[in-house]
Number of protein chains: 2
Amino acid sequence: MTLDKDTERLAKVAKALGHPTRIRILKYLDNQSHCFTGDLVDVLPISQSTVSQHLKELKNAGLIKGEVKPPKIKYCIDQKNWKQAKTLFEDFFK
Amino acid sequence: MTLDKDTERLAKVAKALGHPTRIRILKYLDNQSHCFTGDLVDVLPISQSTVSQHLKELKNAGLIKGEVKPPKIKYCIDQKNWKQAKTLFEDFFK
DNA sequence: AATAGCTATCGTAATTTTACGATAAGAAAC
DNA sequence: GTTTCTTATCGTAAAATTACGATAGCTATT
């Protein structure tokens with residue numbers, strides 16, 4: 001059943017979106033098109049390690065991806081998975 | 001900032017959607033337009049108390065509402081909040 | 001080779017989530 | 001009034017989440 005797969009995927013993405021900090025990160029990324037961890041640490045009222053942890057979850061959910069630009073890591077939205085997520089939510093709310 | 005309110009709201013709704021069982025419940029509700037707890041217990045592979053717990057979370061997030069039809073409780077989607085959630089996600093993914 | 005800068009990971013504690021069985025609550029039927 | 005039916009709530013245990021400081025890793029620079 002691809003329906004069940006979609007359900008699992010939708011739930012996983014939703015879970016990744018289920019924290020205000022992660023929403024803010026994604027909105028920031030959407031505005032800036034890309035950013036480094038430090039940019040977020042400057043903007044968000046939480047520690048560097050916690051920011052990194054949230055980034056990890058977004059990456060695990062496939063919503064963002066990181067590119068190593070030593071000594072920094074450049075994050076941006078994973079457009080392919082982003083589109084898929086958008087579609088899943090559209091279908092769900094339709 | 002209404003933006004922060006929207007962020008909080010979006011995260012809250014997303015969190016409520018962040019479990020496959022709750023997605024299934026909402027899909028079921030969308031198909032049937034309404035249902036009782038027992039209907040879901042028959043369909044889902046989890047116990048009655050767990051179903052009730054998931055319903056509670058969906059209700060807390062405002063996505064569904066229950067109407068007492070003794071001795072049952074009739075659940076349906078909260079259309080007003082559902083529309084709002086739909087809009088929040090649309091704006092977010094736009 | 002040593003230092004400096006940036007970020008992930010580790011270790012940890014507090015809180016939340018998820019699941020279950022058992023129990024309570026409410027109204028209808030007998 | 002007792003029983004029956006349906007569902008919420010309680011109590012509980014295991015697992016996951018969230019947060020932090022401290023530490024490690026990786027480059028580039030000095």
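Just so we're on the same page: letters track the sequence lines, and every chain starts at 1. Atoms considered below: every heavy atom in the structure, side chains included; atoms not considered: hydrogens, waters and symmetry mates.
- Residues that satisfy the side chain to side chain donor-acceptor pair (under 3.5 Å) test with B:K69, not counting sequence neighbours, are absent from this structure.
- Within residues 14-23 of chain A, no residue has any heavy atom under 4.0 Å from DNA chain C.
- Here the C1' atom of nucleotide C:dT7 and the NZ atom of A:K65 are 20 Å apart, to the nearest Å.
- B:T7 and A:K27 share a donor-acceptor pair across their side chains, judged by distance under 3.5 Å alone.
- Every residue two or more places apart in sequence or in another chain that forms a side chain to side chain donor-acceptor pair (under 3.5 Å) with A:S49 is listed here: A:S47.
- Identified under the ring pair (Phe, Tyr, Trp, His ring centres under 6.0 Å) test for residues 24-43 of chain A, with sequence neighbours left out: none.
- Whole-Å rounding puts the B:K56 NZ to C:dT16 C1' distance at 13 Å.
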Under a 4.0 Å heavy-atom criterion, the protein footprint on nucleotides 20-30 of chain C, written with B, S and -, is BBB---BS---
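- Among residue pairs with one or both ends in residues 54-67 of chain A, those qualifying as side chain to side chain donor-acceptor pair (under 3.5 Å) are A:R22-A:H54, A:R22-A:E57; sequence neighbours excluded.
- Applying the ring pair (Phe, Tyr, Trp, His ring centres under 6.0 Å) definition to pairs two or more places apart or across chains, those involving residues 67-91 of chain B are A:F89-B:F89, A:F92-B:W82, A:F93-B:W82, A:F93-B:F89.
- Across the protein-nucleic acid pair, B:L44 atom CG and C:dT18 atom P stand 14 Å apart, rounded to whole Å.
- Applying the side chain to side chain contact (heavy atoms under 4.5 Å, CB included) criterion to A:E90, with sequence neighbours excluded, gives A:K86.
- Nucleic acid contact for B:T37: sugar-phosphate only, since backbone atoms but no base atoms lie under 4.0 Å from a heavy atom of the residue.
- Take A:D30 and apply the side chain to side chain donor-acceptor pair (under 3.5 Å) test, not counting sequence neighbours, and it matches no residue.
- Where A:D39 and B:H54 meet DNA chain C, the nucleotide closest to each residue was compared, and A:D39 sits on the side nearer the 5' end.
- When the P atom of D:dA28 is taken as reference, atom CD1 of A:I73 falls 13 Å away, rounded to whole Å.
- Atom CD of A:E67 and atom C1' of C:dT7 are 15 Å apart (whole Å).
- Spacing between atom CD1 of A:I25 and atom P of C:dT7 amounts to 13 Å, rounded to whole angstrom units.
- Residues A:D91 and A:K94 are paired through a salt bridge, judged by an N-O separation under 4.0 Å between the basic side chain and the carboxylate.
- Across the protein-nucleic acid pair, A:N60 atom CG and D:dT17 atom P stand 10 Å apart, rounded to whole Å.
- At whole-Å resolution of the value, OH in A:Y75 and P in C:dT7 are 8 Å apart.
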